[in-house]
Amino acid sequence: MRIGLAELLPGRIVKSVDFDWPKSFPNSSSNVQQFLIGAAISKVRRRAKVLIIDLSTDYSLIIHLKMTGQLVFIGNAQRFGAGHPSDSLIAELPDKSSRVTLRFADGSQLFFNDQRKFGWMRLLPTLEIMNLDFFKKVGPEPLNADFTWQMFRERLVRRPNSVIKAVLLDQAVLAGIGNIYADESLWGAKIHPATPVKKLTPQQFKLLHKELIFVLKLAIEKGGSSDRNYVNAKGKKGSFMSFARVFRREGLACPRCGSIIIKSRVAGRGTHTCPHCQPLEQ
DNA sequence: CACTTGACCTGTCCGC
DNA sequence: TGCGGACAGGTCAAGT
């Protein structure tokens, strides 16, 4: 999503903002008037699962999509409707899940849609963003070049008694891992998600580190995971779900050994495993 | 500290 | 076809 928006947004001038659900964008209207209206977009960044849109006013919009958020850009001459591509989930905008609409001076628009209303958008001084509790505690980016398997292991073993899946999902340990990529990388490393961290060997940490990076890179290459309604800035679904090996594939064959994939609950989340490749050792 | 549950919301699917 | 319950890419807070 960041890659798509970074091609589309920089240089555009914010002309107006429409709000629907106040909790989706809790901000004083004076801040919006002063630092958002009339601002030019300079840069689109990401940290963990949070998108950061920097403005010429030294303020930034920060956005979390949570489960069902979308950020969809519509150019000034562009229309969805009859004949829209099959990899699009968007027919017409705004629709009933539109929470915030940014209108730009050239007539283009950015829609923040969020069916379940868990996502949010905030306007903050750019320099204050990293003082937010979330950014102060968030772990390293797994795709950074300096993220070694030794660093990965070092961070995980601080939670020796937790199950590995719970720790992978903890944003304070690692940035950006969610339920899909946790299940997929654990399958890749042949580790059961409920394995306590203290039972993992250095070889397993090394392999899981490699699988995590493989899964994340593949997911980005495929445009993300449209499990339900995720779309990118152009309204297109991501295709990673058709490359998933266990996630949402309960009852189907494991692509490695042919055993039937099962679904269970680990760390409070729906969890997909191959019972043969990922045995839970006691 | 680690784990569970509930909360925040809407929509879909499944069984009766 | 209707209705209740479970469940869904995520994070928080509170309770045990």
Side-chain angles (χ1 to χ4, degrees), chain A residues 1-2 20-26 46-51 62-72 89-91 94-100 112-122 132-139 142 155-187 193-199 212 215-216 218-220 222-232 236-251 262-272:
Chain A
M1 186 184 70
R2 188 204 69 78
D20 161 43
W21 188 247
K23 284 185 183 175
S24 296
F25 190 2
R46 178 195 63 77
R47 176 79 170 100
K49 297 175 188 172
V50 180
L51 191 81
I62 64 174
I63 301 163
H64 199 309
L65 300 183
K66 295 287 181 85
M67 311 280 265
T68 55
Q70 306 171 326
L71 280 175
V72 181
L89 280 169
I90 305 294
D95 63 24
K96 65 178 173 179
S97 72
S98 298
R99 309 297 169 211
V100 182
F112 175 35
N113 280 12
D114 186 17
Q115 182 182 94
R116 291 179 73 181
K117 302 176 174 174
F118 291 170
W120 46 258
M121 177 181 289
R122 308 253 152 82
L132 293 175
D133 286 345
F134 176 84
F135 286 114
K136 279 196 287 191
K137 72 175 189 198
V138 71
R155 296 188 71 84
L156 294 196
V157 297
R158 292 176 202 170
R159 300 269 302 274
N161 297 314
S162 298
V163 299
I164 181 63
K165 178 163 175 174
V167 183
L168 287 182
L169 291 174
D170 187 338
Q171 301 298 296
V173 176
L174 285 184
I177 311 301
N179 205 30
I180 300 176
Y181 307 132
D183 279 7
E184 288 297 309
S185 58
L186 287 164
W187 178 88
T195 310
V197 168
K198 64 184 173 197
K199 291 206 168 183
L212 207 43
V215 165
L216 291 175
L218 181 63
I220 290 170
K222 300 302 173 189
S225 302
S226 294
D227 180 33
R228 287 165 194 277
N229 61 4
Y230 169 74
V231 292
N232 70 10
K236 287 192 174 183
K237 297 190 231 177
S239 66
F240 179 80
M241 290 303 290
S242 53
F243 295 84
R245 289 117 358 140
V246 284
F247 194 82
R248 283 287 171 93
R249 293 180 56 80
E250 60 270 30
I262 56 173
K263 186 171 180 186
S264 61
R265 193 152 281 267
V266 176
R269 310 295 300 277
T271 296
H272 311 76

With respect to A:Asp183, which candidate in A:Lys165, A:Arg248, A:Arg269, A:Arg245 satisfies the side-chain hydrogen bond (donor to acceptor under 3.5 Å, both in side chains) definition? A:Lys165
Note, A:Leu132 side chain near A:Ile62 side chain (heavy atom, < 4.5 Å): yes
Spacing between A:Leu174 atom CG and C:dG10 atom C1', to the nearest angstrom: 16 Å
Between OG of A:Ser24 and NE2 of A:His64, what distance do you get to the nearest 0.5 Å? 13.5 Å
In the structure I gave you, are the side-chain heavy atoms of A:Leu186 and A:Thr271 within less than 4.5 Å of one another anywhere? no
Among B:dG11, B:dC9, C:dA8, which nucleotide has an atom closest to any side-chain atom of A:Gln115? B:dG11
Fit a plane to each ring of A:Phe240 and A:Tyr181, take the angle between them on a 0 to 90° scale, and name the class: parallel (under 30°), tilted (30 to 60°) or perpendicular (over 60°). perpendicular
Checking the side chain of A:Ser226 only, and the main-chain atoms of A:Val231 only, is there a donor and an acceptor separated by less than 3.5 Å? no
Mind telling me whether C:dG9 is syn or anti, cutoff 90° either side of 0? syn
Under 4.0 angstrom between A:Lys96 side-chain N/O and B:dG11 OP1 or OP2: yes
Got a sec, which residues hit side-chain hydrogen bond (donor to acceptor under 3.5 Å, both in side chains) with A:Thr68, two or more places apart in sequence or on another chain? A:Asp114
Sugar-phosphate or base contact per nucleotide [nucleotides 11-16 of chain C; S, B, -; heavy atom under 4.0 Å]: SS----
Distance from A:Arg47 atom CZ to A:Gln171 atom CD, nearest 0.5 Å? 9.5 Å
Value in whole Å for how far the P atom of C:dG9 lies from CD1 of A:Ile63: 22 Å
Do A:Val138 and A:Val50 have side-chain heavy atoms sitting under 4.5 Å apart? no
Find every protein N or O atom lying less than 3.5 Å from an N or O atom of nucleotides 1-5 of chain B, and list the pairs.
{"from": "B:dC3", "atom 1": "OP1", "to": "A:Asn161", "atom 2": "O", "distance (Å)": "3.0"}
{"from": "B:dC3", "atom 1": "OP2", "to": "A:Ser162", "atom 2": "OG", "distance (Å)": "3.3"}

For the P atoms, the ones on C:dG9 and on B:dC13, what distance do you get once it is rounded to whole angstrom? 15 Å
How many whole angstroms separate atom OH of A:Tyr181 from atom C1' of C:dG10? 14 Å
Length of the CG-C1' vector between A:Asn232 and C:dG9, whole Å: 15 Å
Between P on B:dT10 and CG on A:Leu65, what's the gap in Å once rounded to a whole number? 18 Å
Tested for side-chain contact (heavy atoms from CB on, under 4.5 Å) against A:Asn113, the lone hit among A:Val100, A:Asp95, A:Val72, A:Asn229 is A:Asp95
What are the atom names and distances for every N/O pair under 3.5 Å that joins the protein to nucleotides 3-6 of chain C?
none

Rounded to the Å, how far apart are A:Arg228 CZ and C:dG10 C1'? 14 Å
How would you list, by chain and number, every residue that makes a ring-ring contact (aromatic ring centres under 6.0 Å, His included) with A:Phe118, sequence neighbours excluded? none
Paired stretches of DNA chain C - 3 or more consecutive Watson-Crick or G-U pairs, each distance under 3.5 Å: B:2-8 with C:10-16, B:10-16 with C:2-8
Would you check if A:Gln70 and A:Leu65 make a side-chain contact, meaning some heavy-atom pair closer than 4.5 Å? no
What distance, rounded to whole Å, do you find between the two P atoms, one in B:dC9 and one in C:dA13? 16 Å
Rounding to an integer number of angstrom, what distance separates B:dC8 and C:dC3 when you compare their P atoms? 25 Å
Tell me the interatomic distance from A:Lys117, atom NZ, to B:dC8, atom C1', rounded to whole angstroms. 11 Å
Spacing of the P atoms in B:dT4 and C:dC7 (rounded, Å): 15 Å
Whole angstroms only, please: what is the CD-P distance between A:Gln70 and C:dG9? 16 Å
From A:Ile180 atom CD1 to A:Leu216 atom CG, the distance as rounded to the nearest 0.5 Å: 11.0 Å
P gap between C:dA6 and B:dT5, integer Å: 13 Å
